[in-house]
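In listed order, ligands and their atoms are each counted from 1.
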Amino acid sequence: MPASSLQVAPPTNVVEASKQLAAWTAVDKHVTKDCQVIGIGSGSTVPYVVERIVAQGPEINKDRVFIPTGFQSKELIVDAHLRLGDVDQYPHIDVTIDGADEVDKDLNCIKGGGACHLREKVLAEAADTWIIVADYRKNSEVLGVNWKKGVPVEVAPFAYAKVLHNLRTLGSTDPKLRMAVMKAGPIVSDNGNFIIDAPFGEAEMRDPMTLLTRIKMLTGVVEVGLFCHMAKAVYFGNQDGSVTAKFYDGHAEHYDKPASASDAPAGTGV
Ligand SMILES: O=C[C@H](O)[C@H](O)[C@H](O)COP(=O)(O)O
């Protein structure tokens, strides 16, 4: 296998720069030498995660296995010449790093803006440590404040109309089947299912665990894009170039001088 390498375009605006800072800092803190099985999440922040892992060097990466959460992350792993594995071979993952659409003060997340949340939740549960990386726009007190599109719900196609009806009964204001852009008809997930986006009011979003449980009980629902009490830490890249890390035990850390392109990645001994 050729040595790992990956070309990621350098950030051209503040949002992209903050995604990169969050991703690099999280990799430096959590993808240590002893991590051998690593889950790679989905979305626009994750390429920076893979970029930083590749920068740890071929020696440290040659014996590692990388597990994708969907088509996009599989392509990233392959393009970077990293070793690809699957969760059925490696049901126990050392660390998974993923993005999020929104994160609340208790580190509960909305995920699934890219329709990947079923596999993402499997890789989150399989991991000893599940870490989120995101830009400052995702940092909220309550879910649904910044992410207005609703809770992504993956459904078996034949059940979608019944589940739409069920979601209205549960209080969703205007649940909608997610439609494709360059294709007539609905989005189809990597698992062959449909996605419903179900907005809920603040009262429901203040108790995401209860909402998750109610939606998940609906027959035909495959997975819900609410990830509750799962993250060990969330890294937010800030507008001013700093990074804020929030941890599951309630403490927070602030890094004024995060990793820069010229720094050797931490934990690699280089
Ligand atoms: O289904 C997609 C995933 O949950 C993504 O991790 C999420 O949408 C965040 O993506 P981004 O980093 O592009 O904001």
Side-chain angles (χ1 to χ4, degrees), residues 8-9 11-27 38-52 66-77 95-104 107-127 130-140 143-155 178-181 186-199 208 212 215 221-228 230-231 233-239 243:
V8 177
T12 53
N13 58 53
V14 175
V15 171
E16 286 301 312
S18 67
K19 289 178 188 180
Q20 188 189 54
L21 286 169
W24 284 17
T25 307
V27 168
I38 299 167
I40 301 294
S42 309
S44 59
T45 317
V46 164
Y48 301 119
V49 169
V50 178
E51 177 185 43
R52 193 61 170 173
F66 295 85
I67 318 294
T69 51
F71 182 87
Q72 179 223 356
S73 48
K74 187 172 112 187
E75 293 291 290
L76 267 176
I77 294 165
V95 59
T96 294
I97 303 194
D98 205 340
D101 298 305
E102 193 170 20
V103 184
D104 76 8
L107 309 192
N108 300 309
C109 307
I110 294 179
K111 289 183 52 55
C116 298
H117 53 284
L118 169 59
R119 293 188 193 205
E120 288 176 337
K121 201 175 273 190
V122 171
L123 264 65
E125 280 186 6
W130 188 59
I131 302 294
I132 288 292
V133 290
D135 63 77
Y136 54 91
R137 302 171 305 169
K138 317 289 181 65
N139 188 358
S140 292
L143 296 177
V145 170
N146 293 313
W147 181 261
K148 305 274 188 202
K149 296 177 187 170
V151 176
V153 181
E154 181 158 349
V155 291
R178 193 183 296 179
M179 302 307 282
V181 178
I187 293 263
V188 177
S189 75
D190 288 348
N191 320 299
N193 297 314
F194 291 171
I195 305 292
I196 292 173
D197 291 300
L212 164 62
I215 299 174
V221 168
V222 181
E223 194 47 80
V224 184
L226 289 169
F227 289 52
C228 301
M230 298 182 84
V234 180
Y235 287 76
F236 295 106
N238 299 316
Q239 279 168 288
V243 172

A.B. asks: I'd like the contact residues of ligand 1, where contact means a heavy atom below 4.0 Å.
C.D. replies: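 Close residues (ligand 1, cut-off 4.0 Å): Ser42, Gly43, Ser44, Thr45, Asp98, Gly99, Ala100, Asp101, Lys111, Gly112, Gly113, Gly114, Ala115, Cys116, Glu120, Lys138.
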A.B. asks: Would Lys138 count as a cation-pi partner of Phe236, with NZ or CZ less than 6.0 Å from the six-membered ring centre and within 45° of the ring normal?
C.D. replies: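 No - Lys138 does not lie over the ring of Phe236 by the 6.0 Å and 45° rule.
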A.B. asks: Taking only residues two or more places apart in sequence or in another chain, which ones pass ring pair (Phe, Tyr, Trp, His ring centres under 6.0 Å) with Tyr48?
C.D. replies: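 Tyr48 satisfies ring pair (Phe, Tyr, Trp, His ring centres under 6.0 Å) with no other residue.
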A.B. asks: Side-chain donor-acceptor pair under 3.5 Å between Asn146 and Arg137, yes or no?
C.D. replies: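 There is no such pair (donor and acceptor under 3.5 Å, judged by atom type) between the side chains of Asn146 and Arg137.
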A.B. asks: Determine yes or no for a side-chain-to-main-chain donor-acceptor pair under 3.5 angstrom, with Lys148 supplying the side chain and Pro199 the backbone.
C.D. replies: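 Checking the backbone N and O of Pro199 against the side chain of Lys148, no donor-acceptor pair under 3.5 Å is found.
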A.B. asks: Taking atom types as modelled, is there a side-chain donor on Glu125 or Trp130 under 3.5 Å from an acceptor on the other?
C.D. replies: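 Result is no, nothing qualifies.
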A.B. asks: Where the side chain of Lys111 meets the backbone of Gly99, is there a donor-acceptor pair that is under 3.5 Å apart?
C.D. replies: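 It does hold such a pair.
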